[in-house]
J.: 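Here you go, one structure.
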Number of protein chains: 2
Amino acid sequence: MATKRSQPAARKPRADAQRNRERILEVAKAAFTEFGANASLDDIAKQADVGPGTLYRHFPTRDALLEAVYRTEVERLAAAERTFAETMPPVEALRAWMLLFVDYIATKKIIAAALNTVVGDPSKVFESCHAQIWEAIRSLVTRAIQSGDIREDLDPIDLLRALIGVANVSTSPDWQQSARRLVDILIAGSRPVK
Amino acid sequence: MATKRSQPAARKPRADAQRNRERILEVAKAAFTEFGANASLDDIAKQADVGPGTLYRHFPTRDALLEAVYRTEVERLAAAERTFAETMPPVEALRAWMLLFVDYIATKKIIAAALNTVVGDPSKVFESCHAQIWEAIRSLVTRAIQSGDIREDLDPIDLLRALIGVANVSTSPDWQQSARRLVDILIAGSRPVK
DNA sequence: CATATTAACGGAGACTGTCTCCGCTTGCAA
DNA sequence: TTGCAAGCGGAGACAGTCTCCGTTAATATG
């Protein structure tokens, strides 16, 4: 007879595997930040003191690695949403989060690059990350609609799309200002028609 | 003595060179549309019945080729601006052009990809194209400001950035609707505060 | 602690795409 | 016609991706 479970009662993962995984992530983050989303994967492996095989076993595709790096950032954004929602009036929370979002993406170009990649081919990567971000802005918008500060027919995703645009073209020196202005325009345009 | 000019009085370009150049462009356009901005250049060369050397002489970098393909589209957008400005009231012209812009970019993913590329590294490519587009929206916004329909402190570039965002995330089936809604939000948010 | 088991490692190398060099071809001017 | 430079194009060096598989060593077990 097999063991109690139909699944082979998976042994706990090896310690060195865990360590390697983390080192790879760390190095990858640095590399993507420095060289953009096209950084050489073999180089990353080398810097993390593992063979290419190891890297590819942990992260079968470039996108997988990208997503893993990307994930912690996304989690931070999601957390911020919760904080803002608790400590600020609806519209302010929305505005604050939008600004943070732009700031994040613009600073860590990785994410922008990742989002762009998604556009290119219809792969399913980043799906879970998208879900988290969508949920964040959806929640913020819903609250603002309920408080009557935002018009009812506003689709949160529309805002998100606009934000990605701002973040994308953040090469000019004054993008911080630009982002702030644009967020204000978006919010102004989202108020009830009255 | 040399010829009349200090410049060696450049001979007119060879006919076959011209033909090849055009065939490459044609094939490239198809390839970029089908496979995205990463289509294999050697493949493009092959399909255009030229050697890779020829392709690279005409277009030394991928970006150069991308830009060349991109250019005619941009010219069409610039032309549309002129038409709209002549035949529509200011705000309508602005809205119409914004919609066209989104439509264009979303359909021909090439351009979006190109714009994205620009984000990644601070190369100077597409500069002239950007200039043309900037000029178009600047002109539209200026006219709308003068007619008093749009608030004075609006920076045209901000709008452009938002538009690129919409276009980027145009994978969902209803992006047409989404784009329309977002353009309306942007315009609503751009009206004078009164 | 000794040992068996097997997860995990890592690097050689096949493969794919980029880009260059340079000998050959050919359109054009005289 | 003919000379010649503009233009061609492919062989091949190089760089990056990804896989296969023999080896290593972390864990479970007695």
Side-chain angles (χ1 to χ4, degrees), chain A residues 1-5 7-25 27-28 31-32 34-69 113 117 120-121 123 125, chain B residues 1-5 7-25 27-28 31-32 34-69 113 117 120-121 123 125:
Chain A
M1 263 286 125
T3 33
K4 304 159 196 166
R5 300 153 178 286
Q7 326 238 6
R11 213 207 279 226
K12 82 179 170 189
R14 267 167 57 163
D16 57 340
Q18 184 61 20
R19 264 201 315 276
N20 278 336
R21 190 191 165 80
E22 270 157 24
R23 250 206 339 286
I24 291 172
L25 273 175
V27 172
F32 285 144
E34 182 169 358
F35 305 108
N38 289 326
S40 155
L41 294 189
D42 276 26
D43 271 3
I44 290 177
K46 214 167 289 174
Q47 273 199 41
D49 275 321
V50 300
T54 301
L55 185 150
Y56 279 96
R57 189 160 358 82
H58 281 294
F59 309 98
T61 66
R62 174 185 296 283
D63 276 354
L65 179 54
L66 221 35
E67 187 193 355
V69 169
T117 306
D121 68 299
S123 69
V125 223
Chain B
M1 261 281 131
T3 31
K4 303 161 196 166
R5 301 156 178 283
Q7 326 240 6
R11 222 205 271 226
K12 84 177 168 189
R14 271 167 55 163
D16 56 341
Q18 183 62 18
R19 265 201 314 278
N20 278 337
R21 189 192 166 81
E22 268 157 25
R23 251 206 338 287
I24 291 173
L25 273 176
V27 172
F32 286 143
E34 184 171 357
F35 305 107
N38 290 326
S40 154
L41 294 188
D42 276 25
D43 271 3
I44 291 177
K46 213 168 288 174
Q47 273 198 42
D49 276 321
V50 300
T54 302
L55 186 149
Y56 280 96
R57 189 157 1 79
H58 281 293
F59 309 99
T61 65
R62 168 179 246 90
D63 277 352
L65 178 54
L66 221 35
E67 186 192 358
V69 169
T117 306
D121 69 299
S123 68
V125 224

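The sequence lines fix the lettering, A, B, ..., with proteins before strands; numbering per chain opens at 1.
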J.: Compare all side-chain heavy atoms of Glu67(A) with those of Asp63(A) and state whether any distance is below 4.5 angstrom.
T.: no
J.: Please give me the minimum heavy-atom distance between Ala39(A) and Ile44(A), naming the atom from each residue.
T.: CB-CD1, 4.5 Å
J.: Heavy atoms only: give me the nearest Phe59(A)-Ala68(A) pair and the separation to one decimal.
T.: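 In terms of heavy atoms, the two residues are closest at CE2-CB, 3.7 Å.
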J.: So Leu66(B) and Val69(B), do their side chains get closer than 4.5 Å, heavy atoms only?
T.: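 Of all side-chain heavy-atom pairs linking Leu66(B) with Val69(B), none is under 4.5 Å.
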J.: If you find the nucleotide of DNA chain C closest to Asp16(B) and the one closest to Arg57(B), which residue's nucleotide is nearer the 5' end?
T.: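 First, find each residue's nearest nucleotide; the 5'-ward one identifies Arg57(B).
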J.: Any idea which of dC8(D), dT20(C), dG10(C) is nearest the Thr54(B) side chain?
T.: dC8(D)
J.: Distances under 3.5 Å only, N/O to N/O: pair up the protein atoms with those of nucleotides 15-17 of chain D.
T.:
| from | atom 1 | to | atom 2 | distance (Å) |
| --- | --- | --- | --- | --- |
| dT17(D) | OP1 | Arg62(A) | NH2 | 2.1 |
| dT17(D) | OP2 | Leu41(A) | N | 2.9 |

J.: With sequence neighbours excluded, give me every side chain to side chain donor-acceptor pair (under 3.5 Å) pair touching residues 15-25 of chain A.
T.: Arg14(A)-Asp16(A), Gln18(A)-Glu22(A), Asn20(A)-Arg23(A)
J.: State the dot-bracket string of DNA chain C. Criteria: Watson-Crick or G-U wobble, both atom distances under 3.5 angstrom; notation: ( ) intrastrand, [ ] crossing earlier pairs, | interstrand, . unpaired.
T.: ||||||||||||||||||||||||||||||
J.: Given dC8(D), is OP1 or OP2 found less than 4.0 Å from the side-chain N or O atoms of His58(B)?
T.: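 For dC8(D), OP1/OP2 do have a side-chain N/O of His58(B) under 4.0 Å.
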J.: Under 4.0 Å between a side-chain N/O of Asn20(B) and OP1 or OP2 of dG7(D), yes or no?
T.: no
J.: How many Å lie between CD on Glu22(B) and C1' on dC8(D), as a whole number?
T.: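 Distance, rounded to whole Å: 17 Å.
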J.: Within a strict 4.5 Å, meaning less than it, do heavy atoms of the Asp42(A) and Tyr56(A) side chains meet?
T.: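 Yes. Closest side-chain heavy atoms under 4.5 Å.
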J.: Starting from the 5' end of DNA chain D, give me the residue, Arg19(A) or Gln18(B), whose nearest nucleotide shows up first.
T.: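 First, find each residue's nearest nucleotide; the 5'-ward one identifies Gln18(B).
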J.: Please determine whether any donor N or O and acceptor N or O are separated by less than 3.5 Å between the side chain of Arg14(A) and the base of dA7(C).
T.: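 Checked by distance alone, the answer is yes.
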J.: Given side chains that start at C-beta, do those of Leu65(B) and Ile24(B) come closer than 4.5 Å, heavy atoms only?
T.: yes
J.: Send over the distance from Phe59(B) CZ to dT20(C) P, rounded to a whole Å.
T.: 15 Å
J.: Between Leu55(B) (CG) and dT20(C) (P), how many Å, whole number?
T.: 12 Å
